[in-house]
2 protein chains.
Amino acid sequence: MFTKSESPQQNAVRKGAATIARSTIGKIRGTYDQLSRTEKKVAQLALDNPGVVSEMTIKELSSATGVSTATISRFVKRMDYANYREFTMALAHMAIEDTPQVSSFPELDEGDSLSTIANKTFRYTIHSLEATNEALSEHELARAVLKLIHAQSVTFFGLGGSSIAALDGYHKFLRTSLNVAFYPDYDIQLMQAAKLGKDDCAIIISHSGRNHETLNIVNELNNNGVTVIAITSYSGSPLAQAADVSFLSLTDEVNYRSEGMYSLISQLAILDSLFMMTVLRISSRTDQTLTKVRDVIEQTRHEL
Amino acid sequence: MFTKSESPQQNAVRKGAATIARSTIGKIRGTYDQLSRTEKKVAQLALDNPGVVSEMTIKELSSATGVSTATISRFVKRMDYANYREFTMALAHMAIEDTPQVSSFPELDEGDSLSTIANKTFRYTIHSLEATNEALSEHELARAVLKLIHAQSVTFFGLGGSSIAALDGYHKFLRTSLNVAFYPDYDIQLMQAAKLGKDDCAIIISHSGRNHETLNIVNELNNNGVTVIAITSYSGSPLAQAADVSFLSLTDEVNYRSEGMYSLISQLAILDSLFMMTVLRISSRTDQTLTKVRDVIEQTRHEL
DNA sequence: TTGAAAAGTGAAACTTTTTTACATATAATA
DNA sequence: TATTATATGTAAAAAAGTTTCACTTTTCAA
């Protein structure tokens with residue numbers, strides 16, 4: 001709580017045995033009875049609107065209360081503050097402590113101010129990431145990384161909104177020594193799926209996990225014995241069921257308008273994790289590869 | 001009561017308990033690049049010891065940093081505070097909010113277990129998002145949304161890694177009533193830039209903000225009077241300077257391997273925010289558009 | 001009651017702090 | 001290199017805060 005022991009001149013001002021270190025509210029409330037009529041006006045306003053008063057100058061407070069600046073100045077000393085500045089500071093602190101952070105997840109509202117909308121959006125996003133992170137299992141991660149490292153090639157699949165995640169995965173893994181591919185078009189994705197074999201690995205991303213086209217691709221991959229790593233939001237989805245390894249992007253959606261929005265970022269974070277793990281695991285195996293990877297990264301580092 | 005509504009720029013900066021237009025850290029960090037040598041000294045000290053600095057008078061801070069009081073006074077105005085008093089107040093708040101945070105950010109290590117790597121990746125990501133969120137200013141958001149809503153067309157630009165963010169933005173805004181476009185190829189982006197005019201709006205994404213090709217596009221856009229909204233990681237970058245409105249994706253990168261990785265997600269989150277704001281603002285203007293947008297979203301909801 | 005003495009108060013003088021104006025230096029630009 | 005724009009410190013002005021002092025009210029013993 002707020003003892004003002006930081007300020008050196010403090011001790012000089014401190015008087016009387018009565019005043020032990022005390023919170024601002026306590027200090028004012030405790031002394032309230034002993035205050036004079038005018039001083040009470042000041043104390044009252046300060047207690048009622050600490051936040052507002054904390055931003056006032058002594059003159060403003062003076063005219064707001066009808067009490068002279070002189071009296072206010074003396075008042076704050078009586079309350080054991082070194083000066084007016086310190087008093088307002090304490091009020092500001094008090095105002096903050098009094099506003100407990102309610103970290104509920106309120107729905108976005110049309111009446112929201114712009115920064116509120118932004119804040120809520122970020123909060124949701126962060127929340128999704130936390131949930132996604134918690135759902136990751138070491139075991140699944142290990143299997144995925146193992147498959148990736150030993151794969152002859154890694155192809156990323158994703159349609160519609162999920163093509164963005166697939167593209168991102170492709171971009172990232174391009175920096176590694178792995179042999180990666182991505183095709184934006186569905187028909188080509190399907191054709192490529194047919195060409196892969198049991199030494200290859202596929203990473204498929206789909207929010208719902210039940211999109212028809214996506215399932216066609218998975219089917220094709222399964223038939224060819226390709227290792228399938230899935231990233232989806234629903235563990236019960238056909239995609240998750242058909243995959244060798246699957247990761248969940250959990251979103252806890254509240255607002256239907258946002259559907260898929262937060263899951264994309266969670267998908268990317270999963271890909272980031274896979275990327276980092278792959279890089280670190282590959283590099284610890286072959287120093288040669290390591291330096292090669294580093295070179296590549298170094299090159300791309302300052303771009304774009 | 002006595003709010004200091006006399007000063008006009010005040011309202012933009014004014015922070016209600018919950019709706020902080022922009023946090024102090026974000027404000028200082030976001031502007032850090034643009035500060036002069038002397039100003040950086042002040043900013044540094046303030047960031048390092050907000051609690052201590054918050055209790056200093058301007059003179060004390062002056063002699064502590066070796067910078068004249070005049071410069072400090074001007075510095076705080078540049079940071080958008082009404083006066084020095086308000087600045088110290090904000091620092092005091094920040095000092096409180098910051099203290100419970102002990103979360104260190106350990107570097108990723110090759111010896112880390114897989115789940116540790118994943119956890120760290122998620123932690124970094126979340127941290128970047130928090131920093132990015134704090135750096136958003138209500139004022140810039142408002143300007144961006146206004147431009148977007150009234151634009152004849154909105155084109156997304158982004159090269160290399162940033163093309164993913166641009167593509168994502170395009171995908172999202174496709175769901176709105178806005179007239180949007182995106183072209184993956186650089187040459188086509190450049191040609192399209194030449195075709196836009198002063199009623200159009202462009203959203204350009206670039207991590208470094210100093211990529212040569214990107215700047216060519218910006219140049220073209222500026223010449224044609226196109227409104228440019230930039231998303232970049234450096235406030236001092238040529239892109240940020242040339243843009244009408246710019247947003248910062250702050251990443252606090254620790255590991256060179258991750259460069260750009262976390263910023264992508266922050267960029268997406270900024271786009272998400274812009275998207276939500278635009279949808280909500282458009283919808284509150286025309287009910288007709290609202291239902292139309294809802295229909296579209298409803299349609300796309302269960303896909304992919 | 002009444003008349004010191006004590007306590008409270010505001011106006012104004014005074015001190016300190018902060019801001020602004022101005023001159024100079026430095027960097028950027030053409 | 002000349003010219004303009006940008007920073008910076010000094011010093012003067014303005015604003016904020018404190019103290020002094022004269023006046024009023026309250027307290028309380030005679």
Side-chain angles (χ1 to χ4, degrees), chain A residues 4 7-10 12-13 15-16 31-46 53-92, chain B residues 2-10 13 31-46 53-92 210 219 235-238 240-242:
Chain A
K4 289 179 280 71
S7 68
Q9 78 273 50
Q10 190 50 30
V13 184
K15 57 180 172 221
T31 335
Y32 196 84
D33 286 346
Q34 299 158 38
L35 297 177
S36 68
R37 194 171 32 77
T38 39
E39 284 177 329
K40 275 182 185 162
K41 281 196 267 183
V42 180
Q44 197 59 59
L45 191 66
V53 173
S54 76
E55 299 196 344
M56 288 180 170
T57 67
I58 199 171
K59 272 189 190 161
E60 287 168 343
L61 182 54
S62 163
S63 61
T65 54
V67 175
S68 76
T69 62
T71 301
I72 295 175
S73 179
R74 281 185 298 250
F75 162 73
V76 302
K77 302 243 161 108
R78 200 113 88 76
M79 305 300 287
D80 238 15
Y81 295 100
N83 52 38
Y84 182 77
R85 234 175 85 95
E86 199 170 87
F87 169 71
T88 55
M89 215 74 127
L91 283 182
Chain B
F2 246 83
T3 68
K4 287 184 272 73
S5 45
E6 297 98 36
S7 66
Q9 81 275 44
Q10 189 51 29
V13 186
T31 336
Y32 197 85
D33 281 349
Q34 297 165 39
L35 297 177
S36 66
R37 194 174 32 76
T38 39
E39 285 176 327
K40 274 183 186 161
K41 280 194 267 182
V42 180
Q44 198 60 60
L45 192 64
V53 173
S54 77
E55 302 198 339
M56 288 181 170
T57 67
I58 202 171
K59 265 189 194 166
E60 288 167 343
L61 182 54
S62 164
S63 61
T65 55
V67 175
S68 76
T69 63
T71 300
I72 294 174
S73 176
R74 283 185 298 248
F75 162 74
V76 301
K77 301 245 160 105
R78 200 114 90 73
M79 304 302 283
D80 239 17
Y81 295 98
N83 50 41
Y84 182 75
R85 233 177 84 96
E86 199 171 87
F87 170 72
T88 54
M89 216 74 126
L91 283 182
R210 43 174 31 95
N219 214 31
S235 64
S237 66
Q241 298 297 320

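So that the names make sense, note that chain A is the first sequence line, chain B the second, and so on, each numbered from 1. The structure presented is a predicted model; accordingly, all values stated were derived computationally and were not measured.
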| Along nucleotides 11-30 of chain C, 5' to 3', which nucleotides get a B, which get an S, and which get a -, given that the test is a protein heavy-atom distance under 4.0 Å? | B-----BBBBB---------

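Qualifying side-chain contact (heavy atoms from CB on, under 4.5 Å) partners for A/Ser62, counting only residues two or more places apart in sequence or in other chains: A/Thr69, A/Ile72. A search for side-chain contact (heavy atoms from CB on, under 4.5 Å) contacts involving B/Ser63 returns nothing, not counting sequence neighbours. In this structure B/Gln241 satisfies the side-chain contact (heavy atoms from CB on, under 4.5 Å) test together with B/Gln34, sequence neighbours excluded. Among residues two or more places apart in sequence or in another chain, the side-chain contact (heavy atoms from CB on, under 4.5 Å) test is passed with A/Ser73 by A/Ile58, A/Lys77.
Along DNA chain D, the stretch of nucleotides lying under 4.0 Å from any heavy atom of chain A spans, 5' to 3', D/dA16 to D/dT20.
Residues B/Phe75 and B/Val67 fail the side-chain proximity criterion, which asks for heavy atoms closer than 4.5 Å. Looking at B/Asn83 and B/Glu86, their side chains come closer than 4.5 Å, going by heavy atoms from C-beta outward. Side-chain contact between B/Glu60 and B/Thr57: present, with at least one pair of heavy atoms (C-beta onward) separated by less than 4.5 Å.
The separation between A/Phe75 atom CZ and C/dA7 atom P is 19 Å, rounded to whole Å.
Taking CZ of B/Arg74 as the reference point, atom OG1 of B/Thr71 lies at 4.5 Å (rounded to 0.5 Å).
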